[in-house]
J.: 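Input: one structure, supplied below.
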Amino acid sequence: MNICVYCASSAQVDRVYFDATERLAKLFVAAGVSIVFGGGGIGLMGKLADTVLADGGHIKGIMPKFMNEVEWAHKQVADFEFTDTMHEREARFLADIDGLVTLPGGSGTLEELLEAITLKRLGQFTKPIIILNTNGFHDPLKQRLDRCITEKFTHEKDRQMWTFVDEPEAVLAGIQNADD
């Protein structure tokens with residue numbers, strides 16, 4: 001199974017987010033999941049890669065060349081794909097994966113997630129989307145998506161396109177039980 005993980009590159013976030021990322025990475029490695037991620041060496045991206053590598057798992061970074069040129073790439077990740085643009089990167093994230101998991105993050109993480117939801121709505125992406133709601137981080141997003149439905153900006157059936165879970169231990173079951 002190949003899973004793409006969107007997450008923060010900020011190293012300034014609360015420890016609870018690092019702990020949840022580490023738990024998720026260990027669960028993925030134990031389940032034989034290969035991970036695709038943004039390739040960063042710090043923040044939650046760095047913790048994800050460090051944990052996967054330390055536990056003997058496989059992780060692939062996808063990053064635009066300009067980010068590598070400013071040395072944002074994780075130094076120990078051997079499997080890397082470098083793209084010309086952010087748009088190419090985002091397309092590659094969603095190719096050949098079995099599911100998408102979004103951890104807490106900033107504008108880049110949110111933009112990537114919302115693009116995946118849009119592509120799923122349009123039938124261009126068909127895999128499960130799991131949103132790990134550590135420490136209630138994604139509660140406002142859940143409220144926003146719910147409001148889009150209740151105010152008829154999107155359909156009630158669209159609620160099935162994503163699954164919110166509160167703990168890393170629920171992610172794999174969320175992927176396996178998702179309505180593609």
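The shown structure was predicted, so the numbers you read here are calculated from the model rather than taken from an experiment.
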J.: Hey, could you give me the CG/CD1 distance between Leu145 and Ile131, rounded to the nearest 0.5 Å?
T.: 6.5 Å
J.: For Gln12, I'd like to know if atom CD has over 12 heavy atoms of other residues, nucleotides or ligands within 6.0 Å.
T.: no
J.: Side chains of Asp84 and Lys65: closer than 4.5 Å at any heavy-atom pair?
T.: yes
J.: Closer than 3.5 angstrom, by distance alone: can the side chain of Asn2 be matched with the main-chain N or O of Asp98 as a donor-acceptor pair?
T.: no
J.: Less than 4.0 Å between a side-chain N and a carboxylate O, is that true for Arg159 and Asp146?
T.: yes
J.: Following the transitive rule for hydrophobic clusters with a side-chain heavy-atom cut-off under 4.5 Å over Ile, Leu, Val, Met, Phe, Trp and Tyr, establish whether Leu141 and Leu119 coincide in one cluster.
T.: yes
J.: Please test Arg92 against Lys60 for side-chain contact (heavy atoms from CB on, under 4.5 Å), starting from the C-alpha separation and ending with a verdict.
T.: CA-CA 11 Å; Arg92 292 299 305 139; Lys60 176 181 181 174; 4.3 Å; yes
J.: Is the backbone N or O of His138 less than 3.5 Å from a side-chain atom of Asn133, with the two atoms forming a donor-acceptor pair by type?
T.: yes
J.: Return the SG to CD1 distance between Cys4 and Ile62, rounded to the nearest 0.5 Å.
T.: 6.5 Å
J.: Rounded to the nearest 0.5 Å, what separates atom OG1 in Thr150 from atom CD in Gln143?
T.: 11.0 Å
J.: So if you build clusters from Ile, Leu, Val, Met, Phe, Trp, Tyr with side-chain heavy-atom gaps below 4.5 Å, do Leu94 and Met1 land together?
T.: no
J.: Less than 3.5 Å apart, which donor and acceptor atoms pair up between the side chains of residues 163-174 and the rest of the protein, not counting sequence neighbours?
T.:
{"unit_1": "Glu167", "atom_1": "OE1", "unit_2": "Arg23", "atom_2": "NH2", "d": "2.7"}
{"unit_1": "Glu169", "atom_1": "OE1", "unit_2": "Arg23", "atom_2": "NH2", "d": "2.6"}
{"unit_1": "Glu169", "atom_1": "OE2", "unit_2": "Arg23", "atom_2": "NE", "d": "3.0"}
{"unit_1": "Glu169", "atom_1": "OE2", "unit_2": "Arg23", "atom_2": "NH2", "d": "3.3"}

J.: Please, which pairs that meet side chain to side chain donor-acceptor pair (under 3.5 Å) have at least one residue in residues 28-44, sequence neighbours excluded?
T.: none
J.: Establish whether Leu113 and Met161 are linked, either directly or via other cluster members, by ILVMFWY side-chain heavy-atom contacts under 4.5 Å.
T.: yes
J.: Do Leu24 and Ile97 share a hydrophobic cluster (ILVMFWY, side-chain heavy atoms under 4.5 Å, transitive)?
T.: no
J.: Give, for atom CG of Leu100 and atom NZ of Lys127, the distance between the pair rounded to the nearest 0.5 Å.
T.: 12.0 Å
J.: Taking the side chain from Lys47 and the backbone from Thr21, do they hold a donor-acceptor pair closer than 3.5 Å?
T.: no
J.: Determine the minimum heavy-atom distance between Val77 and Gly61, stating which atoms define it.
T.: CG1-N, 4.0 Å
J.: To the nearest 0.5 Å, how far apart are CD in Glu156 and OG1 in Thr154?
T.: 9.5 Å
J.: Over all heavy atoms of both residues, which pair between Ser9 and Met45 is shortest? Give the atoms and the distance, please.
T.: CB-CE, 3.5 Å
J.: Less than 4.5 Å apart, side chain to side chain, heavy atoms only: is that true for Met63 and His74?
T.: no
J.: Do you reckon Met86 sits in the same ILVMFWY cluster as Leu114, going by side-chain contacts under 4.5 Å, direct or chained?
T.: no
J.: With side-chain contact (heavy atoms from CB on, under 4.5 Å) as the test, would you mind laying out the steps for Leu103 and Thr134 before giving the verdict?
T.: CA-CA 8 Å; Leu103 281 57; Thr134 303; 6.0 Å; no
J.: Between Val52 and Phe37, is a side-chain contact (heavy atoms from CB on, under 4.5 Å) present by the stated rule, with each step listed?
T.: CA-CA 11 Å; Val52 169; Phe37 83 125; over 6 Å; no
J.: I need the full list of ring-ring contact (aromatic ring centres under 6.0 Å, His included) pairs touching residues 81-100, with sequence neighbours left out, sorted by first then second residue.
T.: Tyr6-Phe93, Phe80-Phe82
J.: Please report the closest heavy-atom contact between Thr109 and Ala8, naming both atoms and the distance.
T.: OG1-N, 3.9 Å
J.: Taking atom NZ of Lys75 as the centre, report whether more than 12 heavy atoms of other residues, nucleotides or ligands fall under 6.0 Å from it.
T.: yes
J.: Does a side-chain heavy-atom distance below 4.5 Å link Thr102 with Trp162?
T.: no
J.: What do the steps show when you test Glu112 against Arg89 for side-chain contact (heavy atoms from CB on, under 4.5 Å), and what is the final call?
T.: CA-CA 10 Å; Glu112 292 162 350; Arg89 175 197 204 193; 4.1 Å; yes
J.: Given side chains that start at C-beta, do those of Leu44 and Tyr17 come closer than 4.5 Å, heavy atoms only?
T.: yes
J.: Could you check whether any side-chain heavy atom of Asp96 comes within less than 4.5 Å of a side-chain heavy atom of Val36, counting everything from C-beta outward?
T.: no
J.: Would a distance-only check, ignoring hydrogens and angles, find a side-chain to backbone donor-acceptor pair under 3.5 Å from Asp14 to Val16?
T.: yes
J.: With Ile59 as reference, evaluate Val29, Val5, Ile35, Val33 under the side-chain contact (heavy atoms from CB on, under 4.5 Å) test and give the passing residue.
T.: Ile35
J.: Rounded at 0.5 Å granularity, tell me how far CH2 in Trp72 sits from CD1 in Ile42.
T.: 8.5 Å
